[in-house]
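For reference, the structure is listed below as structure tokens.
Along the sequence shown, residues carry numbers from 1. What's counted below: heavy atoms across the whole structure, side chains too, no hydrogens, waters or symmetry copies. Note that the structure is a prediction, hence the values are computed from the model and not measured.
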Amino acid sequence: DEVGRSAGVGSAELIGELTKTALRLEHKDPQSGDVFVYRSGRAAVEEDAQFRGVWISGARTGRFSATRWKSSEEPRKRKSACRRKADAEIKSKRFFNDLKDDLSLLDRLGWSEKRWKEESKLEKGRAILGELRRELGTTLEHIGLSFHEHTPLLKRVERAMEVARERGDAMLLQQLRVDGEGRSDWHALFEVQRHFGALPPFRATKYLEPSNVRHALRGLEVSNRKLFGPQGLFIGGARTLVDVLNGCCSVASREQRLECLRKECIVGDVSLEEAFEVQLQLVIRAGSSEFVWQPPADFRLRTGDRVFYEQAHVWNEERRSRNPPPGREAEEMARRLSEFELLISGGNSQVFKEDFEFVEMTARSDGGAALGVPAFLEHSVSGNIEHAKALFDSEAQELGGWSHRPKALNLGPLFKTRLAGYRRHRTREIVWGPRESLYWERGDRPLCLLQMAQEPVRVMFGEHEEPLGFHLQDSRAGGCASSAGSAASGVGGGAEVIEVVEGSLADQRGIV
């Protein structure tokens, strides 16, 4: 302030450096040309970051205070995935422990404190939910409300809250566990369950972890009626299927079966992946909204199905560039992709894109840290022995003179797993749509598509089917939308489902 008044200016252009613990700024007086340097060795954080220190200009010196002002338009620094996960863990742990004490859960269930600590969040949530349901049933019966068995619990709670507000019944709101902001413990519980219980198959393993990798898969509707007809065609090749589908043709000879299968396959002898280097990740059946993840070779693609796919390529995370696989030309890959999309659509539908999330396959240290591909799996290939031998013969010298061939992991036949991508630790590249000859190195991260039972993909319901069994919450404002089933509840794209009723239509069709 003293410098500003003496110079007769209200503002000055500053240059310098701001760190977490210190500030250094300098500016030149526009009239005298003197340089003023401001130093602060410690930040006193009060609301916005406040700094106090000394300023120096030649022989003159003094004290100053400064406040860093943030514009409302300035983007906030996004917390890391690990930090967000840790914050959610702490918040949910406190919430569960508070409910446990409030419900006297251990006494009711006969659990010890030791067992409570050892149980997973999924089991704790189920135990709490069981007690809350018991409470809710008594409350609803008392006020005379009844619902269809597929009506979400959150819908029932919100209807009871409306009745309590209409009556001005504070005691009823307390029984429904509503806080001062109008939200109930029910909503918080389902948000926690949604966060930690979205992947029941993956909860049982410690070898998968959420990844910050998001990728847009290309989508297309199968519209080539002339090619696919009413029965559809196999996505695999006849040479692969001839030994798998022994009963598909009445003829006994292998050559005759092969000839018969060629007419039943999209490309003939080879699969879609071999012909166009395109990997199908998800198919949504027309009419039934059935989700088929990583469809096998004997899967029939039919008219009206929606396919999500990606062509093999290498993505450089540092340069943000997409490159063709080694030994391929970009023009050739683009031509093959166009041919594939024309074959599937017949030129009658347009390509669209949908964002998907992925999980990383990783080994763990004794302390729980993710290590990626462990030592005993390095120098391996995803495919079988033939793939390992071919790689050893063709690239051994180029990759450093191997003394023995790579191990064959046989991911598909043995583990029923197909990689959607492969993240290189050293080069920071992601190989999308990797083939079975993919070579594994220590520290790399194999990527799998996040196969939730529920995906943010449009699924059709009929009004006559209500209640549909899912409950929407506005993810932007934090409020809840009325959605025992109305398909129009989530218009605007800012809603997500936080509850699905077991046995309901939403549960059967796999939609969240």
As a quick check of understanding, evaluate side chain to side chain contact (heavy atoms under 4.5 Å, CB included) for L411 and R418, giving each step before the final call.
CA-CA 7 Å; L411 284 186; R418 188 177 70 192; over 6 Å; no
Does S271 use its side chain to pair, donor to acceptor, with the backbone of I235 at less than 3.5 Å?
no
Drop me the distance from L241's CG to D269's CG, to the nearest 0.5 angstrom.
10.5 Å
Walk me through whether T151 and V501 qualify under side chain to side chain contact (heavy atoms under 4.5 Å, CB included).
CA-CA 7 Å; T151 303; V501 181; over 6 Å; no
For the atom pair OH (Y439) and OH (Y422), what is the distance rounded to the nearest 0.5 Å?
9.0 Å
Tell me every residue that passes salt bridge (Lys or Arg N to Asp or Glu O under 4.0 Å) with E273, counting only those two or more places apart in sequence or in another chain.
none
Any side-chain heavy-atom pair of V278 and L337 under 4.5 Å:
yes
Partner residues of R442 under the salt bridge (Lys or Arg N to Asp or Glu O under 4.0 Å) criterion, sequence neighbours left out:
E378
Mind checking the CZ-CD spacing from F308 to Q281? Nearest 0.5 Å is all I need.
11.5 Å
Can you tell me how far SG of C265 sits from CG of L272, rounded to the nearest 0.5 angstrom?
9.5 Å
Using side-chain hydrogen bond (donor to acceptor under 3.5 Å, both in side chains) as the criterion, list what pairs up with H387, not counting sequence neighbours.
N384, E436
With L377 via side-chain contact (heavy atoms from CB on, under 4.5 Å) - residues at least two apart:
V373, P374, L409, W440
Within 6.0 Å of CG in L371, more than 12 heavy atoms from elsewhere:
yes
When rounded to the nearest 0.5 angstrom, what is the spacing between CZ in F299 and CZ in R285?
3.5 Å
S223: which residues meet the side-chain hydrogen bond (donor to acceptor under 3.5 Å, both in side chains) condition with it, sequence neighbours left out?
S349
Using the test side-chain contact (heavy atoms from CB on, under 4.5 Å), find all partners of E317 that sit at least two apart in sequence or belong to another chain.
W315, R423, R428, I430
Is a salt bridge present between E318 and R424, judged by a nitrogen-to-oxygen distance below 4.0 Å?
no
For residues 403-413, pull every pair meeting salt bridge (Lys or Arg N to Asp or Glu O under 4.0 Å), keeping only residues two or more places apart or in separate chains.
none
Audit row: S345, N224, side chain to side chain contact (heavy atoms under 4.5 Å, CB included) steps and yes/no
CA-CA 5 Å; S345 68; N224 194 342; over 6 Å; no
Taking every heavy atom of H27 against every heavy atom of E13, the minimum-distance pair comes out as CB-O, 3.2 Å
What pairs with D298 under salt bridge (Lys or Arg N to Asp or Glu O under 4.0 Å), at least two apart in sequence or on another chain?
none
What pair of heavy atoms forms the shortest contact from E310 to L217, and how long is it?
CB-CD2, 3.9 Å
Quick check: closest heavy atoms across W432 and G421, and the distance to 0.1 Å?
CE3-CA, 3.9 Å
Set of residues satisfying salt bridge (Lys or Arg N to Asp or Glu O under 4.0 Å) with respect to E429, sequence neighbours excluded:
none
Check this for me: R225, atom CZ, are more than 12 non-hydrogen atoms of other residues, nucleotides or ligands nearer than 6.0 Å?
no
Under the rule for side-chain contact (heavy atoms from CB on, under 4.5 Å), what residues qualify as partners of A330, not counting sequence neighbours?
P324
Gap between atom CZ of F291 and atom CZ of R306 - 0.5 Å precision
7.5 Å
For F276 and L343, run side chain to side chain contact (heavy atoms under 4.5 Å, CB included): C-alpha distance rounded to whole Å, both residues' side-chain angles, the deciding distance at 0.1 Å, then the answer.
CA-CA 11 Å; F276 302 104; L343 180 70; 4.0 Å; yes
When you measure from the side chain of Q311 to the backbone of M333, do you find a donor-acceptor pair of N or O atoms at a distance under 3.5 Å?
yes
Hey, does Q279 have a side-chain heavy atom less than 4.5 Å from the side chain of R435?
no
Applied to residues 332-343, the salt bridge (Lys or Arg N to Asp or Glu O under 4.0 Å) test, sequence neighbours excluded, yields R218-E341, E277-R336, E332-R336, R335-E339
Sorted by chain and number, sequence neighbours left out, side-chain contact (heavy atoms from CB on, under 4.5 Å) with L233 holds for L227, F228, I266
